[in-house]
Q: 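I am attaching a structure below and will ask some questions about it afterwards.
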There are 2 protein chains.
Amino acid sequence: MAYSNQDLRSAGLKVTLPRVKILQILEDSDESSRHKSAEDVYQSLRDAGEDVGLATVYRVLTQFETAGLVTRHNFEAGHSVFELAETGPHDHMVDTESGNVVEFKDSVIEERQRAIAEEHGYEIVDHSLVLYVRKKDA
Amino acid sequence: MAYSNQDLRSAGLKVTLPRVKILQILEDSDESSRHKSAEDVYQSLRDAGEDVGLATVYRVLTQFETAGLVTRHNFEAGHSVFELAETGPHDHMVDTESGNVVEFKDSVIEERQRAIAEEHGYEIVDHSLVLYVRKKDA
DNA sequence: TTGGTTGCAAACAATTTGCATAAAT
DNA sequence: ATTTATGCAAATTGTTTGCAACCAA
């Protein structure tokens, strides 16, 4: 279920080299490196010998976000990280020592969130749950 | 249970006008405006006739954070907001239309978080849960 | 052809830092 | 008298924008 050029077209975006390459980079990353900053993506492009400007990386990532292809996170101040949106909604656990990110999903928490918002007369538009964790030493 | 000059001293910080004033501003804000950006604090200072530089506001807020007197949040990219730490751990609901912030606490969610981290061999060091919400139209 | 797209440089916004001066202990 | 803080301006960092050249449709 990888994104295709057709997905770009459907989003009203022309199929250009920068876009295709960036999408590829996001798809090719394994689970432990799904979350990349604009700078990360930019570096990957350079490593792959592609001559794409950093400004373009930002523009494309923002367009992808608008199109719903990627999700932007602000785990920490100062910079955003992006991830492909194909895995559906989920939350994150960030290992404070290794920087690793683990994804998880919990319906109990989801339901509680909904209920709490409702108690206050609200409906949830979006949410962000990040657990900052440390490996438990045996 | 307001913070005092003694708390500043205990944190190894000299009791200076900027620090006292900033602490005061954070304490005097009512529940609906507990969360302030550095710029907000800076404006409050100017409104109060105090001539404190913005750089100092940033420095002091960062020192307060280190000392555990305030907590920094990154609700959205681009800027941080700070709040007094005296109310203990809790989560946030941000009204996407008015910008209002509502605090809440839910032990069911807390327990699930703990359990989930544990399932992965982790212990929670910190966490951030923000619900972006919208008033439910009747 | 032609309107969307890119690269580059300049513009920006939030935050940090260097340094000489000023204030706290 | 010492040590720590402050204000200001300059420097950084992450991100956005203006614009002329460029490329996909």
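Quantities reported herein were computed from a predicted structural model and do not represent experimental measurements. In the text below, chain A, chain B and the rest are named by the order of the sequence lines, each starting its count at 1.
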Q: Give the nucleotide from the list C:dT15, D:dA5, C:dT6 with an atom nearest to the side chain of B:Tyr58.
A: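 The closest nucleotide is C:dT15.
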Q: Could you state the CG-P distance from B:Leu54 to C:dT15, rounded to the nearest angstrom?
A: 9 Å
Q: Taking for each residue the nucleotide of DNA chain C with the nearest heavy atom, is it B:Val81 or A:Thr16 whose nucleotide lies nearer the 5' end?
A: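 Result of the comparison: A:Thr16.
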Q: Within this structure, what is the CZ-to-P distance between A:Arg19 and C:dT5, rounded to whole angstrom?
A: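 It works out to 4 Å between those atoms.
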Q: Checking only heavy atoms, does the side chain of A:Arg72 share a donor-acceptor pair with the base of D:dG14 at less than 3.5 Å?
A: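 Such a pair does not exist between side chain and base.
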Q: Report the distance from atom CZ of A:Phe64 to atom P of D:dT15, rounded to the nearest whole Å.
A: 17 Å
Q: Roughly, in whole Å, what's the span from CD in A:Glu76 to C1' in D:dT13?
A: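 Distance, rounded to whole Å: 14 Å.
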Q: Could you tell me whether the side chains of A:Ser10 and A:Asp7 share a donor-acceptor contact shorter than 3.5 Å?
A: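 There is no such pair (donor and acceptor under 3.5 Å, judged by atom type) between the side chains of A:Ser10 and A:Asp7.
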Q: For the side chain of B:Leu13, counting heavy atoms from C-beta on, which of C:dT25, C:dC8, D:dA5 is nearest?
A: D:dA5
Q: What is the distance from CG of B:Leu17 to P of C:dT25, rounded to the nearest Å?
A: 12 Å
Q: Rounded to whole Å, please give me the gap between CG in B:Asn74 and P in D:dT15.
A: 12 Å
Q: By nearest atom, which of the nucleotides C:dT6, D:dG7, C:dT15 is closest to the B:Val52 side chain?
A: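 Nearest nucleotide to the side chain: D:dG7.
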Q: Does the C:dG18 base have a donor-acceptor partner in the side chain of B:Arg59 within less than 3.5 Å?
A: yes
Q: Look at the side chain of B:Ala55 and decide which nucleotide, out of C:dT15, D:dT6, C:dT17, has an atom nearest to it.
A: C:dT17
Q: B:Gln63 has an atom CD; how far is it from atom C1' of D:dA5, in whole Å?
A: 8 Å
Q: Output the rounded distance in Å from OH (B:Tyr42) to P (C:dA13).
A: 16 Å
Q: Decide whether B:Ser33 and B:Asp30 meet the rule of one side-chain donor and one side-chain acceptor closer than 3.5 Å.
A: yes
Q: From D:dT15, D:dA9, C:dT25, pick the nucleotide closest to the side chain of B:Lys14?
A: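 Shortest atom-to-atom distance from the side chain points to C:dT25.
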Q: Does A:Glu118 come within less than 4.0 Å of B:Lys136, counting only side-chain N to carboxylate O?
A: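 Looking at B:Lys136 together with A:Glu118, the answer is yes, because their closest N to O distance falls below 4.0 Å.
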Q: Which is true for B:Ser80 with a 4.0 Å heavy-atom rule: it touches a base, it touches only sugar-phosphate, or it touches nothing?
A: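 Result for B:Ser80 = sugar-phosphate.
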Q: Classify the side-chain pair A:Asp40/A:Ser37 by whether it contains a donor and acceptor separated by less than 3.5 Å.
A: yes
Q: So, applying side chain to side chain contact (heavy atoms under 4.5 Å, CB included) with B:Asn5, which one of B:Leu23, B:Leu13, B:Val20 is it?
A: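 It is B:Val20, the one option of B:Leu23, B:Leu13, B:Val20 that forms the side chain to side chain contact (heavy atoms under 4.5 Å, CB included) with B:Asn5.
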